[in-house]
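Structure record follows, encoded as C-alpha cells.
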There are 2 protein chains.
Amino acid sequence: MDEVFKALADASRRSLLDRLHARNGQTLNELCDGLAMSRQAVTKHLAILEAANLVATHKHGREKLHYLNPVPIHEIGERWIRKFEHGKLAALSTLKRQLEKRDE
Amino acid sequence: MDEVFKALADASRRSLLDRLHARNGQTLNELCDGLAMSRQAVTKHLAILEAANLVATHKHGREKLHYLNPVPIHEIGERWIRKFEHGKLAALSTLKRQLEKRDE
DNA sequence: ATAATAGGCAACCAAATGGTTGCATGTCAA
DNA sequence: TTGACATGCAACCATTTGGTTGCCTATTAT
C-alpha cells in the first residue's frame, strides 16, 4: 500500500491518472502532450504508477497503451480513508475543545 | 492538497496518524515510543503533518499535545478518491478487455 | 535552588527523487 | 528498403527527504 501512497504523492502522476480517467487507453506520446517535461520523465512516472498497480499497459505494435486501474485507489479509500471518517465528529469536537483552551 | 498527499506518502507519518486516531492528544514523547527513530525525526514528521493541517497542536506547560484533524483526509476522499470510484466498473471492464488482447 | 524533564534549533549527511541528455531498438509507411 | 515514428535504456545531475548529533531553552518536581 505504501507504493500506492507514494505514487499518488506527486502532482504530475495524479495528473496522469486524471487524464487516463478522462480518456482511457492513451499512448505514451499522447500522455506527454502539454506536460512541461520530457518524454523520459513521463515514462518514469508511468513506471511508478505501473509498479503501484495503478496503471496497466498493453503493447499494440509500436505503441504502448495505458489503462487506469482504479482498484488500489478504491482500496485506499476503503482501508484507510474511511477509518478516519469514522469518528470524525468525535475527533473534531476534541480538537475544538482543546484549541479553545488557548483562550483560558 | 499536494501537501496532504505528500504528508500521507510516508509510512512513519501514517503510523503517527494511526496512533493519534487510537488515542488523541498525545505528547511528543508519547508519540516517540516504539518508533525506531530519534525524537527530532518525529518532530520533523509532526511538523509536516501540521503543515498539511492533519495535526493541530496545543501547548500545555512544557508539554506539546497533538490532535488529529481528519478534515483533509476526508476531503481527499471526497474530491479525489470518489472520483475514481465513479466509473470504476467501466474502467475495469475496459482494462480486462484490453489485457485479454494479449492472447490474440 | 537545582536537577530532571519536555521540547526546540541548527548543522550535517546519505540516499531517494525528479529531471535531463544521448543513443539504441523496434515497427510502420512510402 | 529506407526513413520516420514510438518507445526503451543508461548515465548523469540537482534538489529534496529522512535521518542523525550536539547543544540550548523552558518548565516542573524535589
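The sequence lines fix the lettering, A, B, ..., with proteins before strands; numbering per chain opens at 1.
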Value in whole Å for how far the [atom2] atom of [N] lies from [atom1] of [X]:
X     : N      : atom1 : atom2 : result
B:D2  : C:dG18 : CG    : P     : 11 Å
B:L31 : C:dG8  : CG    : P     : 12 Å
B:L28 : C:dG7  : CG    : P     : 5 Å
A:R62 : C:dA29 : CZ    : P     : 6 Å
B:H58 : C:dA6  : NE2   : P     : 18 Å

Review point. So which of residues 43-52 of chain A are in contact with DNA chain C, with a heavy-atom cut-off of under 4.0 Å?
Key: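 Going residue by residue through residues 43-52 of chain A, the ones with a heavy atom under 4.0 Å of DNA chain C turn out to be A:K44, A:H45.
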Review point. Which residues, if any, of residues 7-19 of chain A bring a heavy atom under 4.0 Å of DNA chain C?
Key: A:D10, A:R13
Do the side chains of [Y] and [X] get nearer than 4.5 Å, heavy atoms only?
X     : Y     : value
A:E85 : B:P70 : no
A:W80 : A:F5  : yes
B:D33 : B:R19 : yes

Exercise for review: Kindly determine whether B:L54 and B:V71 satisfy side-chain contact (heavy atoms from CB on, under 4.5 Å), including the steps that lead there.
Suggested key: CA-CA 7 Å; B:L54 285 160; B:V71 174; over 6 Å; no
Review point. Under 6.0 Å between ring centres, would you say that holds for A:H74 and B:F84?
Key: no
**Study point:** Range on DNA chain D touched by chain B - first to last nucleotide, heavy-atom distance under 4.0 Å
**Key:**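 The protein-touched segment is D:dG18 to D:dT28.
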Has [X] got a side-chain atom pairing as donor or acceptor with [Y]'s backbone, closer than 3.5 angstrom?
X     : Y     : answer
A:S15 : A:A11 : no
A:R13 : A:H45 : no
A:R82 : A:I76 : no

Review point. Donor-acceptor pair under 3.5 Å: do we get one between A:E63's side chain and the base of C:dG26?
Key: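 Not at all, since no donor on one side and acceptor on the other fall under 3.5 Å apart.
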Review point. Is the A:Y67 ring parallel, tilted or perpendicular to the A:H58 ring (thresholds 30°, 60°)?
Key: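 Judged by the thresholds at 30° and 60°, the geometry between A:Y67 and A:H58 is tilted.
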Revision key, fill the gap. Taking for B:K59 and for A:S38 the nucleotide of DNA chain C with the nearest heavy atom, the one nearer the 5' end belongs to B:K59
Practice item. Please round to the nearest 0.5 Å and tell me the distance separating atom CG of A:L49 and atom CG of A:L20. Key: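 Spacing of CG (A:L49) from CG (A:L20) equals 8.5 Å.
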Practice item. Start with the C-alpha gap between A:V4 and A:N53, add the side-chain angles, then the distance that decides, and say whether side-chain contact (heavy atoms from CB on, under 4.5 Å) holds. Key: CA-CA 8 Å; A:V4 179; A:N53 201 30; over 6 Å; no
Practice item. Select from B:A36 and B:R39 the residue whose nearest nucleotide in DNA chain D is closer to the 5' end of that strand. Key: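 Going by which nucleotide is closer to the 5' end, it is B:A36.
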Practice item. For C:dG7, take OP1 and OP2 only and decide whether either is under 4.0 Å from a side-chain N or O of B:N29. Key: yes
